[in-house]
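Note sheet for the following structure.
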Amino acid sequence: MKNFEISKLLRNVAAVYSIKDEKKYRFQLLAYQKAADAIESLPTELNDLYKENKLQGIDGIGPTIQSRLTELLKTGKVQHFEEIMKEIPKSIFPLLDIPGFGPKKAYKLVTQFNLKNPDTVIVDLENIAKKGDIANLPGFGEKSQADVLRAIKEFKLGKGKSTRMTLPYANELARIIITYIEKSDAVLAAYPLGSLRRGKDTIGDIDIAVSTNKPQEVLDHFINYPFKERIIERGDRTSSMLVSSGRQIDLMVQSPEGFGALLQHFTGSKAHNVHLREYALSKGLSVSDFGIKKKKDEKAAYKKYKTEESFYEALGMQWIPPEMREDTGEIELALQHKLPELIKLSDIKGDFHLHSNFSIEESHDSGQNSMEEMIEEALRLGYKYLGFSEHNPSIGNHTEKEICTLLEKRLKYIDKMRLKYKNFIRIFSLLEIDILASGKLAIPESAFAYLDAAIVSIHSSFAMNRENITERILQGLSHPKAKIFAHPTSRLINQRAPIELDFEKLWNFCKKNDKAFEINAAPQRLDLTDILIREAVNKGITLIINTDSHAIDQMNLMKYGVTVARRGWATKRDILNTMDYNKLTSWFSNEATKGGE
DNA sequence: GCCGTTTTCGGCCCGACTGTTTTCAGTCG
């Protein structure tokens, strides 16, 4: 069973508790939801942890749920779950994926109309709504019947949150909406918040906060957005709409005097906010998006905060960078004023994963721009050095000698560039070399003479088991010139699942042998992921952020790599390409032991 | 059911909005 299936099962358990007796099981229900969250953000398959006897100690999973998970992974089912689910029709579960459907509504509809087949329940319900039978149910009416129809229709079309956006897409959508919002004179400031501000690798919907003294004017303006598809809701201080691309935009307004608290609230994450508010309660304070007040004093007005800094300060904390706000220890550190100083884009001094159009008859796609053009762009970005790393010449079409000839020709050209730009930027001769299914690298030994170092990566035969593919990579990395392992999990967001690796083994090998893991900044990769970066940072693994650019306009995607590195709590010291040129060259030549300044 | 710079027991974030209701239930973030 995969993690996503297990977390879904736990959410279903929570739904069943809520149907049975929401009040009685209120905290069990929460515990199961929290456990599901915890499993979703695990870097490792639970099943692997179970096999290695490492199921204990996961944050958010206590002894009871741990024993249920053990039973699940051992026998494929859980006695307790079977029992509590006995009298709840399984057909409610598919409905829970539809926005607007919660456990209660799903249960009511499924039992009222005796819908027993989980495979057809959505269509069955749609047909019943079309007949007009839902409107007569107690607690339902014409509008809620129309809502059911609309919700099912939108769900089938994949609108709302069925697929998550990549960061550049979400950024652009937010920019368009904010440009529109700012046309209203009532808007003093408007910012994108939520997971976009936290820099998550994928974004569900766009959250926007507006500072204003005239909330009604702002909301009126917002709901008149010309490219809207539908207004989901419109209240006194919030509104939501679907825009024509099917994406959801959530808006919240606040006065400028209280805007700090709204920034904090709407940035999230939920887990961060809950923890923050629980901590505040322990100090006798109640926190909301309006501000902070004394807990017992129900009538008292919230004390307002203009900025986030003053808000966190009022709770005795350092301001916490949005990328860290996932409730994974940042609140405790902020209380001690010991947050790490995260890496910044301006710390980056070069990019080592660049594909130019210099042809060496590569195995995979070549770049679109010349080396000169890429160098000029690197200069524009203020870089001190860069590395060219085209794909290796295809092995099927070339003899070993031909491969050497091609790389020699390329090195000569790189030398020409080195001369031309010698006063401005340093250039490394790298290559992105396939680790073949056998574990061998895809160029002959003699060809390494033309390289300063090599990036190694996997581009085929992904479907190997965890153990074999880990061995394959270790073998590829064991070459002394193989210094960087690129896009380690090979995932493509919304397209290709990550490969499963034994990171424990890989970390240990890389630490011992001075190899770096790449943080690939391409927004469809972001690989390593934030969680794995955090692990690597904890283990003291050297990391490097590269764009994998195949054209000059991709070179500015470095910012996404830096963002994901920040989400992994990486500091400048953890990142190879923040180092000075001299330290870098000694690292590449296996003379150094650990990066940093 | 979880968890501890608030405790190993006694707590568990805070608020908005809609629809069907006359004071609330359900869903969402």
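In what follows, every chain begins at residue 1, and chains take the letters A, B, ... in the order their sequences are listed.
Among the protein residues, Y25(A) comes within range of no part of the nucleic acid, since none of its heavy atoms lies under 4.0 Å from any strand. Using a 4.0 Å heavy-atom distance criterion, P103(A) is classed as a sugar-phosphate-only contact.
Checked against the 6.0 Å centroid threshold, H221(A) and Y180(A) count as a close aromatic pair. Between F227(A) and Y225(A), the distance separating the two ring centers is shorter than 6.0 angstrom.
When each of G62(A) and I98(A) is assigned the nucleotide of DNA chain B bearing its nearest heavy atom, the one mapping closer to the 5' terminus is G62(A).
The side-chain heavy atoms of V287(A) and K293(A), taken from C-beta on, include no pair separated by under 4.5 Å. When side chains are defined from C-beta on, D207(A) counts as touching D205(A), because their heavy atoms get closer than 4.5 Å.
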remark   = Scoring nucleotides 7-16 of chain B by protein non-hydrogen atoms under 4.0 Å (B base, S sugar-phosphate only, - none) yields -----BBBSS
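As the counterpart of dT8(B), no nucleotide is assigned, since no Watson-Crick or G-U wobble pattern has both distances under 3.5 Å.
A salt bridge between E326(A) and K200(A) is absent, with no side-chain N of the basic residue lying under 4.0 Å from a carboxylate O of the acidic one.
When the P atom of dT20(B) is taken as reference, atom NZ of K143(A) falls 7 Å away, rounded to whole Å. Whole-Å rounding puts the L10(A) CG to dG1(B) C1' distance at 12 Å.
In this structure, K34(A) does not reach the dC2(B) phosphate: none of its side-chain N or O atoms is under 4.0 Å from OP1 or OP2.
Side-chain atoms of P63(A) lie closest to dC2(B) of the nucleotides dT20(B), dG26(B), dC2(B).
Screening R525(A), R491(A), R567(A) against D201(A) for a salt bridge (charged side-chain N to carboxylate O under 4.0 Å, His left out) leaves a single residue, R491(A).
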